[in-house]
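First comes the structure, then the notes that go with it.
These numbers come from a predicted model, not from an experiment. Numbered from 1 within each chain, the chains take letters A, B, ... in sequence-line order.
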Protein chains: 2
Amino acid sequence: MIQTEDKHAHVLVSVDVVVLTLVERELNVVLVQRARAPFAGVWALPGGYIHADEDADAKASAARVLRTKAGMEGAYLEQLATFTGPARDPRGWSVAIAYCALIPLESLPTQRADLKVVPVHAVGQLPFDHAQILQAALARVRSKSQYSSLPVHFCGDAFTLPQLQQVYESILGESLNKVSFRRKMDEMQLLEPVPGALQGGGAHRPAQLYRVRPAFRQELALSTRGL
Amino acid sequence: MIQTEDKHAHVLVSVDVVVLTLVERELNVVLVQRARAPFAGVWALPGGYIHADEDADAKASAARVLRTKAGMEGAYLEQLATFTGPARDPRGWSVAIAYCALIPLESLPTQRADLKVVPVHAVGQLPFDHAQILQAALARVRSKSQYSSLPVHFCGDAFTLPQLQQVYESILGESLNKVSFRRKMDEMQLLEPVPGALQGGGAHRPAQLYRVRPAFRQELALSTRGL
DNA sequence: TGAATAGTGTCTTTCAGACATTATTAC
DNA sequence: GTAATAATGTCTGAAAGACACTATTCA
């Protein structure tokens, strides 16, 4: 490394992940108890340093943080924004590359004392600028849910259209027109029926089960005019 | 700084800025000639290191880079995304916080030999991953122009509605319905007429001049259903 | 007066939401 | 059959686009 670079080039860089899930129609966020200073013992967003020797990029760092600090695999991950400045971390000028993860409740590990799932409206104080990062994640998810397939990542492998509509309604905080919702889902060509699979169990007509088409497992589908 | 942090915490961090402007209805990008290695003498996106001792955050770093390396003040700036990995910079694992700047052509400095303005379709090879960053900026600008006031930042202080419509059409690459366009501009409450100011000069009816309302000089206005 | 573009009124088409109807299950 | 929800057909109102017409300037 050339000497003249060192003056400015290197600042503290970490990744922080806002893991969101739906619990009883409410957005919840996953917090972990910090193992070390600063803020040892405090509940915070899962985060960690970039490991230049093993991470292919910051997204890989975020995935590794989820795996090692929250025992979580396979969540949908997208970069949110990067938060910077001298005040956000007591150790000095720092950079946090924030990611947003969406995961079905069933895929969260259970029985971990260092993990908790909290309704987003009931999250109290958070260390660093994690409250601001959480707000940015919520704004992003609510905004993208208006015109994209993002919310399917809160569902498991197979789900019914009424279930998916309820997921959208929970995120957007408003009820949606059933006919319009189905028209839009159809237009996006996001889903395919699971052949012969119906979800019964109630005293009523069973619903067709659907799954996300392979093309949209990693990519989002967009609807031109919203919803 | 605690010893155990140093192993992972510090990686090379810079900001890169995609400065876009409209030249004769074409999106153009500002390139600067790099003064030093790596890629000394090569045309690239303006970029530089974060100065932890003087920058309030990465956005301030980006503004400083524009000021010092491109002689540019007052451009609209928004964070684009952060690009990371071991391969993007020959010096090793690095982080580039990319910003997107929009500026009217008239506000660009002239007569600078180390600056050039290139149509985005005619940009050749770029060093680092700057081609990818440029593509991300173009996708962002084109996408946001479909439903927001973003394109007004390509216009100067006062402009006519036909001029603004042409700016939108240039970015989106399609012609827009005049009546609908004006309805949308009206709904967004983005503009106010400059009292008594008309733009004449042609052999036809002169057009009313408008300016962006103060509330939207930094914030974007959004249109619910696009355009 | 004619050519050119600005600005507006109005009709048509398209799309989203409301409502109603049929389908299928458990009891 | 009755109750309950799934799934779909159809009508209505709102919004976007097409088109035409008026307004204002210069030559």
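For dA7(D), neither phosphate oxygen OP1 nor OP2 lies less than 4.0 angstrom from any side-chain nitrogen or oxygen of Lys178(A). At dA16(C), none of the side-chain N or O atoms of Asn177(A) fall inside 4.0 Å of OP1 or OP2 (strictly under the cut-off).
Note: CG (Leu176(A)) to P (dC15(C)) measures 19 Å, nearest angstrom. Between the P atom of dG7(C) and the CG atom of Leu191(B) lies a distance of 12 Å, rounded to the nearest Å. Computed from coordinates, the Phe181(A) CZ to dA18(C) C1' distance equals 18 Å when rounded to whole Å. In this structure, the CD atom of Gln208(A) is 17 Å from the P atom of dA23(C), given to the nearest Å. Nucleotide dT22(C) holds its P atom 18 Å from the CZ atom of Arg182(A), rounded to whole Å. When the P atom of dC15(C) is taken as reference, atom CD of Glu187(A) falls 8 Å away, rounded to whole Å. For Asp186(A) and dA16(C), the CG to C1' distance is 15 Å, given to the nearest whole Å. Per the geometry, CE belonging to Met185(B) stands 12 Å off P belonging to dA16(D), to the nearest Å.
Contacts between residues 158-166 of chain A and DNA chain D, counted as heavy-atom distances below 4.0 Å, involve Pro162(A).
Distance check, rounded to the nearest 0.5 Å: CG of Leu138(B) to SG of Cys100(B) gives 8.0 Å. In this structure, Leu190(A) CG and Ser148(A) OG are separated by 9.5 Å, a value rounded to the nearest 0.5 Å.
In this structure, the side chain to side chain contact (heavy atoms under 4.5 Å, CB included) partners of Glu169(B), at least two apart in sequence or on a different chain, are Gln165(B), Ser175(B), Leu176(B). Under the rule for a salt bridge (Lys or Arg N to Asp or Glu O under 4.0 Å), Arg182(B) has no partner lying at least two apart in sequence or in another chain. With sequence neighbours excluded, the residues forming a salt bridge (Lys or Arg N to Asp or Glu O under 4.0 Å) with Arg88(A) are Asp16(A), Asp129(A), listed by chain and number. The side chain to side chain contact (heavy atoms under 4.5 Å, CB included) search around Pro151(B) returns Ser145(B), Val167(B), Tyr168(B), Ile171(B), not counting sequence neighbours. Under the ring-ring contact (aromatic ring centres under 6.0 Å, His included) criterion, Tyr76(A) pairs with His153(A), not counting sequence neighbours. With sequence neighbours left out, Lys144(A) forms a salt bridge (Lys or Arg N to Asp or Glu O under 4.0 Å) with Glu78(A). Looking at residues two or more places apart in sequence or on another chain, you find a salt bridge (Lys or Arg N to Asp or Glu O under 4.0 Å) between Arg112(B) and Asp114(B).
Taking a pair as Watson-Crick or G-U wobble with both distances under 3.5 Å, DNA chain C forms stems of 3 or more consecutive pairs at C:1-27 with D:1-27.
Within the structure, every pair that satisfies the salt bridge (charged side-chain N to carboxylate O under 4.0 Å, His left out) test and touches residues 205-216 of chain B, not counting sequence neighbours, is listed here: Glu192(B)-Arg211(B). The salt bridge (charged side-chain N to carboxylate O under 4.0 Å, His left out) contacts involving residues 96-108 of chain B comprise nothing, where partners must be two or more places apart or lie in separate chains.
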Pairs under 3.5 angstrom, nitrogen or oxygen only, protein versus nucleotides 25-27 of chain D, please.
from    : atom 1 : to        : atom 2 : distance (Å)
dT25(D) : O2     : Ala203(B) : O      : 3.1
dT25(D) : O2     : His204(B) : N      : 2.9

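Mapping Tyr210(B) and Arg183(A) onto DNA chain C by nearest heavy atom places Tyr210(B) closer to the 5' end of the strand.
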